[in-house]
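Below is one structure; the comments refer to it alone.
Sequential numbering from 1 along the given sequence is applied to the chain's residues. Every value quoted in this text rests on a predicted model; they were computed, and no experiment measured them.
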Amino acid sequence: MSRDHVQSGQRVGTGGAAASDARASAVDASADGGPYDSRPGGSAPSDGSEAPGLAGAGTAPESGSGELSVSGSGETRAPGSAEAPFLELLARGASADAYEQPVLIARAEGRPAEEIAALEAVKPLALRVRSELEGRRRREAELSALFETAHDLAGLRDLDAVLQAIVQRARSLLGTDVAYLSLNDPARGDTYMRVTEGSVAARFQQLRLGMGEGLGGLVAQTARPYVTDDYFKDARFQHTLVIDAGVRDEGLVAILGVPLMLGPHVIGVLFAADRRARVFEREQIALLGSFAALAAAAIDTANLLTETRSALGDLERANEIIRDRSGVIERASDVHDRLAELVLRGGGVHDVAAAVSEVLDGTVEFTEPAAAPARAVEVSRAEGHAVRHADDWIAAVAAGGELLGALVLRGHPGLDPVDQRTLERAAMVTSLLLLARRSASEAEQRVRGELLDDLLDVRDRDPRLLRERASRLSADLDATHVVLAARLDGTAADADQEAAARRRLWSAASHLAATRHGLAAARDGGTVLLLPLEPGDTATEVARRTARHLGTAVHESVTVGASAPVADLATHPDAVATAYEEGRRCLDALRLLGRSGDGAAADDFGFLGLLLAGDRDITGFVDRTIGRVVAYDERRGTDLVRTLDAYFASGMSPARTKDELHVHVNTVAQRLERVARLLGDDWQSPARALEIQLALRLHRLSGGGRG
């Protein structure tokens, strides 16, 4: 209401007694059924007075009830004033159309033009007052509904009932045909109908919307309100056959959706929809957003209540167990204290077994999974309790679904519940000790691997820092070391088995490195170790011992190639990378020579070892010796190199060569003639033959001869 409007009403309201008497007469006439009847269409005769504005417009009741306030004596405005009929319309909350009646009646009765003009002037002001009153009533209803919803939320007992009340009130206040609420399903990655009000189609009530599908899916994905006045003509969101069929069954046209937010996350969508085209105002969108906020709060509160009730239930059950088993706890407390002290002292698995043996007055042993009775261990693992096996008791030691072993109480068939629980607690402590030691071991292995990786990749050349890092791992980089390249010889059935085998090899190598004050890391499909060389030891002996140790640990054949001894690694970290390449070449040479599962150093290969060690020009030697044959094969796609290999392997016998290659002897002869033209007629002389065989072997070693 404008300031001029309020001031105009105040001026008229402060008029003389005649105006008050006229308004009183108007009330009396209305009560007698006269021309001021409160029924729609009622009119009032004019006394010729004119009013510049609507009197009393600024005194509308603050409650927003729509009723006109009157004085204690029942007085109101004079019946001749232009405001009187509009005040009556305001008082009874008439529709906007009824405000045309006073002007129409005045014209029909032939009243003076001044009175009609006054009525025409007052009518817009009266409509503005009506609109303001309607707005206040609407806001009061909205606030009342929000307050009631908040009150329901404060006394939340049933989440579905609160959500249903929210949907009902949203539908009522927005005046829509349907209102409904959907919630996100993180497990399935979509959103589904939770509560509907006014819906009549079963398929619509069971809809599930993918993120980005339909208007609701778009709201859930973007966390923004969306409104459409004609769903099927709106191309902003993705239409699907299932969703469109459900909306069509329900007959919806105009849809408004707002997100349910918990912090930055969308947990669902609240909708209001009509079965006819409609434009939703900003105030209606904001109102639905307020209901959505309350719905989100209700869901969050319900989740918290559920978690709290669950926690309380767990606590109640725990209390019952405590009350029922208080004697067990008291008797077991001593065992618990002893086991805790043992763990804090850094005791091991066998220390736990010894402590429990004293408490139970029997013999308790820790066994590996393979050594324990399989069926009894599986039953104990599945039930989580110790089980009887003949005269023994078995308690599985497991963690995270992995069986780590078992505690076995020997020769003790009669075991009361307290002692049984003691054995089970000991098994749990044992599993924790094993996991802790494994975690510590794995952490140390990773640190050792990182330091060796740095030495191999020459990323850190600071000798002081390298020495400090090695010292923390009980390694001495100033000592003489041997770099070993180890690799499994078996072929795995699939990639998963191969990866598991490599992990076992790395774990065994890391354990060996830790016990020998060395380093280990996984690299190039195998494992590289840096082990100190003991006085009087050789690289060959270290390689062979390592091959045997790793092969026994992983139950597979492991081949190990060793470098020559290297020293001053902190000062010359790049020497580790060079030594590793030498060890790899020795490893490949062992495998090419059929010595898988063995260990050797470059010195074990004689002249071949001289080529394998250091920075020899192996590529140049191969190219000078058999380069023309290799190039001929590459250009023509022939098998001269393979034929030479088979020829020398067959004792330089063409007949045996043709059997090896599965070709005709004439083919072998033709190929050897081609070799002679490429290498010269003396290629079979002892000196040339030795060089050619060596070049062929080095060619295979470098990977050029692998198919």
Side-chain angles (χ1 to χ4, degrees), residues 314 317-318 320-322 324-442 493 496-497 500-501 503-504 507-508 511 552-556:
D314 293 341
R317 288 189 293 272
E320 292 176 1
I321 294 173
I322 291 173
D324 295 341
R325 304 294 298 276
S326 60
V328 175
I329 294 175
E330 290 176 2
R331 292 181 59 187
S333 61
D334 178 56
V335 178
H336 180 273
D337 292 340
R338 294 183 64 177
L339 292 177
E341 182 182 359
L342 188 151
V343 171
L344 292 175
R345 279 203 324 264
V349 172
H350 296 290
D351 296 325
V352 173
V356 178
S357 297
E358 294 180 8
V359 173
L360 299 182
D361 193 20
T363 301
V364 177
E365 299 175 351
F366 172 78
T367 63
E368 298 292 336
R375 180 171 180 79
V377 171
E378 284 301 322
V379 173
S380 174
R381 177 184 179 183
E383 296 180 355
H385 298 291
V387 298
R388 183 175 174 180
H389 177 70
D391 289 339
D392 301 335
W393 282 84
I394 310 295
V397 177
E402 180 183 1
L403 182 62
L404 304 176
L407 286 183
V408 181
L409 175 60
R410 303 288 186 187
H412 213 304
L415 196 66
D416 62 32
V418 177
D419 292 340
Q420 180 180 345
R421 182 60 179 162
T422 298
L423 184 62
E424 293 166 0
R425 285 177 178 273
M428 184 183 302
V429 172
T430 302
S431 66
L432 292 175
L433 282 175
L434 291 174
L435 287 178
R437 295 203 169 184
R438 176 189 293 180
S439 298
S441 176
E442 291 177 351
D496 291 339
Q497 291 185 6
R503 284 194 297 271
R504 290 196 302 272
S507 179
H511 179 73
T552 302
V554 301
H555 306 291
E556 290 188 40

Looking at every non-hydrogen atom in both residues, tell me the closest pair between Ala376 and Val387 and how far apart they are. O-CG2, 3.4 Å
Arg504: partners by salt bridge (Lys or Arg N to Asp or Glu O under 4.0 Å), with sequence neighbours left out: Glu556
What one should report as the nearest heavy-atom pair of Ala396 and Ser380 is N-OG, 2.9 Å
Contacts of Glu365 that satisfy side-chain hydrogen bond (donor to acceptor under 3.5 Å, both in side chains) - sequence neighbours left out: Arg410
Tell me whether Arg375 contacts the main-chain N or O of Val377 through its side chain, where contact means a donor paired with an acceptor under 3.5 Å. no
Sequence neighbours excluded, the answer for side chain to side chain contact (heavy atoms under 4.5 Å, CB included) partners of Thr552 is none
Checking Thr430 now: which residues fulfil side chain to side chain contact (heavy atoms under 4.5 Å, CB included) with it, not counting sequence neighbours? Val349, Val352, Phe366, Val397, Leu407, Leu434
